[in-house]
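Fair warning: this is a prediction, and the values are worked out from it, not measured in the lab. Computed over heavy atoms, backbone and side chain alike; hydrogens, waters and symmetry mates excluded. One-based numbering, in listed order, for ligands and for the atoms of each.
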Amino acid sequence: MERADKILANTGRWSRKEVKELIRQGRVTADGSLLRRSEDKLAETVVLAVDGERVTHSAKTYLMMNKPAGILSSTEDRQKTVIDLLPEHLREIGLFPVGRLDKDTEGLLLLTDDGQLAHRMLSPKKHVDKRYFVRVNGELNEADAQAFENGLILGDGLHCMPAGLALTERSNEGFVTLREGKYHQVKRMLAARGKPVIYLKRLSMGNLELDERLNTGEWRALTGEELTILSSLGIFNKKEVIPY
Ligand code: URA
């Protein structure tokens, strides 16, 4: 059992204060009945709706952000981090990124307080592909794509798993797909081919795609559909998420 306002605020869609206001205005129902008090304790299986629209909720919080360049994806630092881009009530609940991006990398960052999710999503055994758009100094070609497919061996001896490199009409741009996430991996792989990365953006993790409507620095809660995508990957157990 959990307080109604906490359940709703945990979705990341409203602050605790906004939730209280929604409830006060009579806009929230629990299992079809008007919810009158923020402090009412509800079962985790409760069906909540705001303005008649069903709200997916779980014990954990799941957000996607379009990470801007110039900001760290670690959780605590003297420098600005992605957590600083969130409103106050979401800065205090222990969110962390699932798979870091370099300071100068943009794009899809999943933020959660669900430790198991991070572990499972990043495990090479789960085959959750990470897809990146890349721009390099130089010209990408079939030989690069073949080298990626064969599994590159980097200068320091690191053996990379086979990876995808899709060429585009512009010879200095491509799409890289990785099944693992070693430190600076895309940059190191392309540096090994003599084509240093000048711009990098993560587009997807598994079937979870960056919402292109999010400008850099913007974030939103995952939708019910996106949570179902993660649960269908076996990323977290069904009990934790109540899909609709
Ligand atoms: N590979 C990199 O080199 N950097 C990132 O931020 C992500 C993948």
Residues at least two apart in sequence or cross-chain that pass side-chain hydrogen bond (donor to acceptor under 3.5 Å, both in side chains) with Asp5, listed by chain then number, are Arg3, Arg16, Lys20

Q. Counting only N and O atoms by type, is there a donor-acceptor contact under 3.5 Å from the side chain of Ser15 to the main-chain atoms of Glu18?
A. yes

In chain-and-number order, ligand 1 lies under 4.0 Å from a heavy atom of each of Leu101, Asp102, Thr105, Tyr132, His184, Gln185, Val186, Lys187, Leu200

Test item: side-chain donor near acceptor, His57 and Asn10, under 3.5 Å: no

Applied to residues 136-150, the side chain to side chain donor-acceptor pair (under 3.5 Å) test, sequence neighbours excluded, yields Asp144-Arg193, Asp144-Lys195, Gln146-Asn150

Residues pairing under side chain to side chain donor-acceptor pair (under 3.5 Å) where one sits in residues 152-171, two or more places apart or in two chains, turn out to be Asp156-Arg188

Test salt bridge (charged side-chain N to carboxylate O under 4.0 Å, His left out) applied to Arg135 and Glu106, step by step: CA-CA 12 Å; Arg135 190 174 298 128; Glu106 292 182 358; over 6 Å; no

